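Inspection log for the structure reproduced underneath, given as structure tokens.
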Amino acid sequence: MRVWRVHPPKQRLCPHGVGVLKWVLVWMSVCFIVFTIGPPYRWQLKESASTQSSCPPCHCYCSSAEYPLNPLDCGKDDPVMNEEMNKGLLTMLSEELILQKIVANETFEHTRRLVMDAKKTFSQYQKEAEKCNVAMETCEEARERAEAELIEERRLTALWENRAREYGWKDRRRTRLRS
């Protein structure tokens with residue numbers, strides 16, 4: 001009895017062997033581990049490196065060529081900076097209060113303008129509402145008059161029909177509808 005197979009038993013799917021497949025899987029595993037563990041470890045290295053720096057951060061815009069020896073001399077010759085640095089606490093507090101007062105006044109003026117605009121808009125809407133109410137009252141009065149006139153017209157029609165029947169008139173519309 002003969003057994004039929006798709007591939008002969010000696011022939012392999014991968015001619016280079018299983019070794020290449022193993023190396024590909026190993027490299028994929030290593031890359032996965034590096035990409036998973038690498039970023040947090042890199043952040044820790046950056047944080048530890050930044051805390052070990054020996055010089056304090058400089059907040060002035062002076063070049064190191066102007067003041068090579070002492071960074072505290074930065075801005076020493078600037079008249080505006082000197083004026084600000086020589087002010088007393090009372091002067092700085094009064095300037096702060098003046099600035100806050102200016103801001104408060106501007107805010108108040110802006111709010112006042114907004115309130116005035118809101119009042120104008122409200123007034124316009126109120127006028128439109130009054131016009132609408134007057135128009136509704138006029139329409140309602142006209143409807144009531146039309147209804148009263150219709151009732152009066154029906155009463156007169158019934159009266160004339162009764163008089164016509166008394167003199168022998170027959171309504172042909174009603175006789176057609178009955179038959």
Side-chain angles (χ1 to χ4, degrees), residues 19-158:
V20 174
L21 182 63
K22 286 181 182 177
W23 279 106
V24 169
L25 288 175
V26 166
W27 277 107
M28 286 177 59
S29 301
V30 168
C31 290
F32 179 73
I33 290 171
V34 166
F35 284 118
T36 305
I37 298 174
Y41 186 67
R42 197 174 339 131
W43 293 334
Q44 288 176 357
L45 286 176
K46 283 183 182 178
E47 286 177 5
S48 64
S50 66
T51 56
Q52 292 176 359
S53 93
S54 61
C55 56
C58 181
H59 297 292
C60 64
Y61 299 106
C62 301
S63 68
S64 60
E66 290 179 36
Y67 302 101
L69 299 178
N70 190 0
L72 296 177
D73 291 339
C74 177
K76 185 170 105 175
D77 296 328
D78 186 12
V80 176
M81 179 75 85
N82 283 335
E83 182 182 342
E84 286 294 319
M85 295 304 288
N86 291 331
K87 286 183 181 176
L89 180 64
L90 188 60
T91 308
M92 288 192 292
L93 286 176
S94 65
E95 284 181 1
E96 181 68 25
L97 285 175
I98 289 170
L99 289 174
Q100 286 182 0
K101 186 177 180 181
I102 290 170
V103 169
N105 287 338
E106 289 174 355
T107 304
F108 175 74
E109 285 299 315
H110 180 69
T111 305
R112 190 180 62 76
R113 282 192 300 262
L114 288 176
V115 168
M116 291 302 293
D117 289 343
K119 284 181 181 179
K120 286 178 185 176
T121 305
F122 173 74
S123 175
Q124 290 172 352
Y125 282 128
Q126 190 174 15
K127 288 176 185 177
E128 291 295 322
E130 288 173 3
K131 288 179 188 177
C132 185
N133 287 339
V134 168
M136 287 293 293
E137 289 175 6
T138 304
C139 288
E140 185 66 25
E141 290 172 2
R143 188 195 61 78
E144 289 173 357
R145 278 195 312 264
E147 188 177 358
E149 289 175 3
L150 180 64
I151 292 171
E152 181 63 23
E153 190 63 34
R154 286 182 181 166
R155 188 184 67 77
L156 287 174
T157 302

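Only a predicted model underlies this, so the values are computations on that prediction, with no experimental measurement involved. In what follows, every heavy atom counts, from backbone to side chain, and hydrogens, waters and symmetry copies are set aside.
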task: Enter the distance from L97:CG to L93:CG here, rounded to the nearest 0.5 Å.
output: 6.5 Å
[X]: which residues meet the side-chain contact (heavy atoms from CB on, under 4.5 Å) condition with it, sequence neighbours left out?
X    : answer
R155 : E152
I102 : I98, E106
T36  : F32

- request: Apply side-chain hydrogen bond (donor to acceptor under 3.5 Å, both in side chains) to E147 and list each qualifying residue two or more places apart in sequence or on a separate chain.
  value: R143
task: With sequence neighbours excluded, give me every side chain to side chain donor-acceptor pair (under 3.5 Å) pair touching residues 112-127.
output: E109-R112
query: Under the side chain to side chain donor-acceptor pair (under 3.5 Å) rule, what pairs show up with a residue in residues 88-103, not counting sequence neighbours?
result: K87-E95, E96-Q100
query: In chain order, what residues pass the salt bridge (Lys or Arg N to Asp or Glu O under 4.0 Å) check against E130, with sequence neighbours excluded?
result: none
- prompt: Which residues satisfy the salt bridge (Lys or Arg N to Asp or Glu O under 4.0 Å) test with E137, sequence neighbours excluded?
  reply: none
